[in-house]
Amino acid sequence: MECNENCRAKFYCCSCFYTDNIFLEEYKIHVRYISEQQFTKDYKVVLRNLGCVTNEQFKNVTEKIEKEIQRRRLLGQNSTERTAFIREFYKPRHGHVYVLQESYLAPEFLEIVNFSRSEDANVEGLLSLIQSLPAERTFRFPVFTKEFCRNLMEELENFEQSDAPKGRPNTMNNYGVRRNQIRSSSSHDLSIVTNKI
């Protein structure tokens, strides 16, 4: 959606975002929560088999779920506030990594791209440019240069060590970075997704 500075863009999400795929870390299970009655009917026995045996434990589970639903409901507002704060106060170490440039791409990747665009492109030729792995139809090839990867990791570490507020991609990922909160204002920003190594 396009919007100038005098209007607010509206964004929508599926209502299932507030009810489905809620992860209960303690029991390693994803659940659906529409109401306490529905949840009790669908999951009380399942959770009991996973070790949630007392009424107090079950109550704690429902409280955690309701807290997660509230977190999801406030996600947009909190994300907007975090993003504004980060853009005003966060000082990137390698600000150039937020705008994708061809020089960041590995020569091997560019060779694959150029071959794939050529009139002579074929499966055999493409397979000769990528490394096959033991698993069926699984391949590996570099996409970015080592220098770019080093700069990107240094930028992510810089962000992690800063006082800037962090919004994690989801409740199962405690180390990921939401790229839309730390990117530059460029419309050609580079998506940043990483896991802590």
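Residues take their numbers from the sequence shown, with the count starting at 1.
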Residues in side chain to side chain donor-acceptor pair (under 3.5 Å) with Glu66, at least two apart?
-> Tyr33

Give a yes or no on this: more than 12 heavy atoms of other residues, nucleotides or ligands lie within 6.0 Å of atom [atom1] of [X].
X: Glu63; atom1: CD; answer: yes
X: Lys59; atom1: NZ; answer: no
X: Asn49; atom1: CG; answer: yes

Closest heavy-atom contact between Glu155 and His94?
-> OE1-N, 2.7 Å

Considering only heavy atoms from C-beta outward, does the side chain of Thr80 approach that of Gln77 to under 4.5 Å?
-> no

Please identify each residue that fulfils ring-ring contact (aromatic ring centres under 6.0 Å, His included) with Phe141, with sequence neighbours left out.
-> none

Return yes if a side-chain donor-acceptor contact under 3.5 Å exists between Gln38 and Tyr43, otherwise no.
-> no

Say whether Asn151 and Tyr104, considering side chains only, have a donor N or O and an acceptor N or O under 3.5 Å apart.
-> no

Under 3.5 Å donor-acceptor pairs involving side-chain atoms of residues 142-149, not counting sequence neighbours:
unit_1 : atom_1 : unit_2 : atom_2 : d
Thr145 : OG1    : Phe148 : N      : 3.1

N/O donor-acceptor pairs under 3.5 Å from side chains in residues 105-116, not counting sequence neighbours:
unit_1 : atom_1 : unit_2 : atom_2 : d
Asn114 : ND2    : Leu110 : O      : 3.2
Ser116 : OG     : Ile112 : O      : 2.8

Contacts of Glu157 meeting salt bridge (Lys or Arg N to Asp or Glu O under 4.0 Å) (sequence neighbours excluded), chain-then-number -> none

When the side chains of residues 124-131 are checked against the rest of the protein, which donor-acceptor pairs come out under 3.5 Å, sequence neighbours left out?
unit_1 : atom_1 : unit_2 : atom_2 : d
Ser128 : OG     : Gly125 : O      : 2.5
Gln131 : OE1    : Arg140 : NE     : 3.3
Gln131 : OE1    : Arg140 : NH2    : 3.3

Would you kindly check if the NZ (Lys) or CZ (Arg) of Arg73 is within the cone defined by 45 degrees around the ring axis of Tyr18 and under 6.0 Å from the six-membered ring centre?
-> yes

